[in-house]
Amino acid sequence: MDQQQPEDLRDTKGLPTFSINLCPSLRLDLCQLNNTQNHGTTVWDSAKVLAFYLMDTMKRPSWNMVDGKLEIQNAKKCIELGSGCGLGGLTMSALGFDTIMTDLPSVVEQVLEVNKRQNERHIKDWWYQLLEQSTHDSTMSLEGPRLRVEPLDWLQYSVSPSAVQVNGLDPPYNYILAADCIYSTEFLEPLLLSCYHLASPTTTTLVALEHRDDIVVNAFLDKAKQVGFETRMIPKKLLRTQLIENEDIEIWKLKKKRQK
């Protein structure tokens, strides 16, 4: 597929495909649809900032030799809700997490599955470069990223988690991601209840948003506390908002409140 590389990352929504360099040796190619009928088929600024934050703050993957094979040294699991084009989930997968990306069936079919397939090779190529810098033999074969895509409607899941069948869904997760899912008050409770069902007391939930409306953001924080989360905003100095020239991007860290 021909890649259209934008001059910068400030406005990519109109491009059918674009590349994003998360670090000098890891490039992801993202397919998107500028579809006004579907909020989830383009990459929004909050997803870009979240991806860079993950790359800046998480450890790079490493491997152990087990029975003559290299196995990734990371037992932690991640789920992304409302994945859209999947930038957050792809980033966590690249960092070695066992990752499941989820969205509505139409989004899965139109962009998410496509982006999974076309970036697994990029991730594996980056892993081989990391191996060359380690003490391991970089000529040994590596398993591919532990990455799955599944349809999940969190409006339904929030009401009855046990009634919603999702292949490979295995809560609790170590990390839960949601980028640009905070834009309407009617979706706040289903999203937060879904996060709560998928979390344990040690789970870190990262919600990236664009602060467009005080009413919506304040309602999100109030509802998070009602559901049972403690909330903390990631300091702005840790976010690479200058890359997209959008200072309205925020990332909120949610943790289940300790039971008294």
Using a 4.5 Å cut-off on heavy atoms from C-beta on, say whether the side chain of Phe52 contacts that of Leu9. yes
Do Leu209 and Met233 belong together in a cluster built from hydrophobic side chains that touch within less than 4.5 Å? yes
Salt bridge flag under 4.0 Å for residues Lys257 and Glu230: no
Salt-bridge criterion met for Arg10 and Asp45 (N-O under 4.0 Å): no
If you compare all heavy atoms of Ala208 against all heavy atoms of Ile251, which two are closest, and at what distance to 0.1 Å? CB-CG1, 4.0 Å
Heavy atoms of Arg212 and Ile182 approach each other most closely as NH1-O, 4.2 Å
Would Lys256 and Phe229 count as a cation-pi pair here, with the cationic atom under 6.0 angstrom from the ring centre and within 45° of the axis? no
To check you understand the geometry: which heavy-atom pair defines the closest contact between Asn115 and Cys31, and what is its length? OD1-N, 2.7 Å
If we only count heavy atoms from C-beta on, is the Leu221 to Trp252 side-chain gap below 4.5 Å? yes
Can you find a heavy atom in the side chain of Asn174 that is under 4.5 Å from one in the side chain of Thr204? no
Sequence neighbours excluded and cut-off under 3.5 Å, please list the side-chain donor-acceptor pairs for residues 150-164, or say none.
unit_1, atom_1, unit_2, atom_2, d
Asp153, OD1, Leu155, N, 2.9
Ser158, OG, Trp154, O, 3.1
Ser158, OG, Leu155, O, 3.1

Beyond-backbone contact of Met101 with Leu147, side-chain heavy atoms, under 4.5 angstrom: yes
Side-chain touch Glu71/Trp63, heavy atoms, less than 4.5 angstrom: no
State, to 0.1 Å, how close Lys236 and Ile249 come at their nearest heavy-atom pair, and which atoms those are. CE-O, 2.9 Å
Side-chain heavy-atom pair Thr185, Leu188 within 4.5 angstrom cut-off: yes
Thr205 and Cys195 have their tightest heavy-atom pair at CG2-SG, 4.1 Å
Please walk me through it: do Tyr183 and Glu210 pass side chain to side chain contact (heavy atoms under 4.5 Å, CB included)? CA-CA 8 Å; Tyr183 54 88; Glu210 184 170 349; over 6 Å; no
Check step by step if side chain to side chain contact (heavy atoms under 4.5 Å, CB included) holds for Val49 and Ser46. CA-CA 5 Å; Val49 173; Ser46 59; 5.8 Å; no
State, yes or no, whether a side-chain contact exists between Leu198 and Leu169 at a heavy-atom distance under 4.5 Å. yes
CA sep, side-chain torsions, deciding dist, call: Gln118, Leu28, side chain to side chain contact (heavy atoms under 4.5 Å, CB included): CA-CA 9 Å; Gln118 70 182 12; Leu28 299 179; over 6 Å; no
Could you go step by step and tell me if Ile234 and Lys253 meet the side chain to side chain contact (heavy atoms under 4.5 Å, CB included) rule? CA-CA 7 Å; Ile234 302 296; Lys253 179 184 286 189; 4.1 Å; yes
Between Ala178 and Leu191, the two heavy atoms sitting closest are CB-CD1, 4.4 Å
Distance-only donor-acceptor hits, side chain of residues 120-127, under 3.5 Å, sequence neighbours excluded:
unit_1, atom_1, unit_2, atom_2, d
Glu120, OE2, Lys116, NZ, 3.0
Arg121, NE, Asp125, OD1, 3.0
Arg121, NH2, Asp125, OD1, 2.9
His122, NE2, Arg27, NH2, 3.4
His122, NE2, Asp29, OD2, 2.7
Lys124, NZ, Leu142, O, 2.8
Trp126, NE1, Ser25, OG, 3.1
Trp127, NE1, Ala94, O, 2.8

Please round to the nearest 0.5 Å and tell me the distance separating atom CG of Asp103 and atom CD of Glu109. 12.5 Å
Are Thr241 and Glu247 close enough, and set up right, to give a side chain to side chain donor-acceptor pair (under 3.5 Å), and what steps lead you there? CA-CA 6 Å; Thr241 53; Glu247 296 298 325; 3.2 Å; yes
Looking at Thr12, Val43, Val114, Val111, which hits side-chain contact (heavy atoms from CB on, under 4.5 Å) with Leu30? Val43
Do the non-hydrogen side-chain atoms of Tyr53 and Leu206 ever get within less than 4.5 Å of each other? yes
Can I get a per-line list of side-chain donor-acceptor pairs under 3.5 Å for residues 76-91, giving both atom names and the distance, sequence neighbours left out?
unit_1, atom_1, unit_2, atom_2, d
Lys77, NZ, Asp170, O, 2.5
Lys77, NZ, Asp170, OD2, 3.2
Lys77, NZ, Pro172, O, 3.3
Glu80, OE1, Ser83, OG, 3.1
Glu80, OE1, Gly89, N, 2.9
Ser83, OG, Glu80, O, 3.3
Ser83, OG, Thr102, N, 3.1
Ser83, OG, Thr102, O, 3.2
Thr91, OG1, Leu87, O, 2.7

